[in-house]
Amino acid sequence: MPMDPHRPRYHFLPPHHWMNDPNGLIQFDGLYHLFYQHNPLAAEWGRMVWGHAISRDLVHWEHLPIALAPDQLCDKDGVWSGCVVSDGATAAAFYTGVNPEVQCLATSQDLLAWEKYAGNPIIAAPPDGMAVTGFRDPYVWRAGGLWHMLVGSGIRDVGGAALLYQSPDLHTWTYRHPICVGDRARSGEMWECPNLFPLGDKWVLMVSPFGRTIYFTGTYADDRFTPDYQGEIDLGGCFYAPQVFRDDDGRRIMFGWLFEWRDKAAQLAAGWAGVQSLPRVLSLGAEGRLHFAPAPEVETLRRRHTHHPELRLLPGGDLVPGISGDQLELSLTLHLRQANRVGVRVAVSPDGAEETRIIYDRQAGVIGLDTTRASLDRASHGDLHAAPLTLRNDEPLRLRVFLDHSVLEVYANDITCLTGRLYPSRSDSRTVSLFTDRPATATLDAWELASMEEG
Ligand code: DQQ
């Protein structure tokens, strides 16, 4: 069978069919576990199960049998998103069973064989009298001798909400209150997939209000979260429902679902849909902003290296540094000098009919990802997505770019991520070039990256 030109090779996806949210991320007995929303029957969303994979390094994954599937009355229509925590030698998975949306528990000693709690659901309905917009995606942690759970929700006509429950024993849960209620206009009416964790001297609340993921940094005291900064996790337009976990080294690592930008018919024909992002390490920057970096483990995929210590970019024509491919990492430091608009083209065809552009506009203070000309194939949907990015006077633009066939992840100056999808129709849409509107200079490192299977 010919190689599928759009199937990512170093991002995680199941062998076949549909995947969406990462679930139950945990490092247990040294091994990283990734569970995920999965339809094992087709490349479309359906009656969800938890798929499962393990890794020693966050980069090379081994596929394992399905971990949790509908087999109880309370999850007959699907095992939806949730988390895994360790309680000594036992692992406990919390997930949403449907329909209706209720919270359920399963336990395991080895994370392979799971036993669903006979008393499920452990939370059978939303709080009395609350007009909720949804009730799902439990997120559990332990503090002060108690287990705590957030359930993603929202109050109709008011805003998204993260509802707090507490338990002495993982089985019996008591509702407390929302730890935070958002403003519908600024952060949506339903918060899917809440995550709450300390980072530096702040707390982070991350929620997914349909189609985008936002974070708040602030304080968490007396079981209430008070935000003082609101930011976006990724503005490229295909990153959703991420989950963050703490590994044995204390790192906060995030995976997010990268959804497809092509027609359903094209997804079904391909036989797969949905990819996980690279593992991203979070840290706290100035003014409560999150910083994002690909996990250093990704560097183990680096193969053939090209180094350009000083490229001179001139207006009026692209600089073509002799780099091409569809499995690449680029690390670029661009000194704008007098330039206002600079950028990188990837997956460019020889006649320029197909190209994807990363453009920085200094005056506008905006970085954009333009896939409107990424493909001549009408089944794919390109778009222009932009994120605010202000550089101080002589601060260079620093880009890390990861191209993996149909996935493009862009990290700009550690604080802005843009992830998009591209499906070039031509096999020669492979070239990388740089452009500017005034003379500028750049340092560029490029690597061909190995596929996950290459070891
Ligand atoms: N996906 C899951 C839900 C969650 C949504 C269902 C977010 O639990 O709210 O597949 O993508």
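Just so it is clear, the values below take in all heavy atoms, side chains as well, and ignore hydrogens, waters and symmetry mates. We count ligands from 1, going down the list as the structure has it; atoms in each ligand are counted the same way.
Near Ser81, with a cut-off below 4.0 Å to any heavy atom, the atoms of ligand 1 are 2 (C), 8 (O). Near Tyr240, with a cut-off below 4.0 Å to any heavy atom, the atoms of ligand 1 are 7 (C), 11 (O).
Looking at atom 5 (C) of ligand 1, its nearest protein heavy atom turns out to be Asp21 OD2, 3.3 Å. Looking at atom 6 (C) of ligand 1, its nearest protein heavy atom turns out to be Gln37 OE1, 3.2 Å. Here the heavy atom of the protein found nearest to atom 8 (O) of ligand 1 is Asp137 OD1, 2.5 Å.
Note on ring orientation: taking the six-membered ring where Trp is involved, the planes of Trp257 and Trp18 are perpendicular (angle over 60°, cut-offs 30° and 60°).
At most 12 heavy atoms of other shown residues, nucleotides or ligands fall within 6.0 angstrom of atom CZ in Arg186. Heavy atoms from other residues, nucleotides or ligands lying under 6.0 Å from CZ of Arg142 number more than 12.
Put simply, part of Trp45 is less than 4.0 Å from ligand 1, judged by heavy atoms. Taking a 4.0 Å cut-off on heavy atoms, Thr96 fails to register as neighbouring ligand 1.
Proximity of a side-chain donor or acceptor of Gln103 to a complementary backbone N or O of Phe135 within less than 3.5 Å is detected.
Between Leu13 and Pro8, the shortest heavy-atom distance links the atoms CD2-O, 3.7 Å.
Taking 4.5 Å as the limit, some side-chain heavy atom of Val410 sits within range of a side-chain heavy atom of Leu399.
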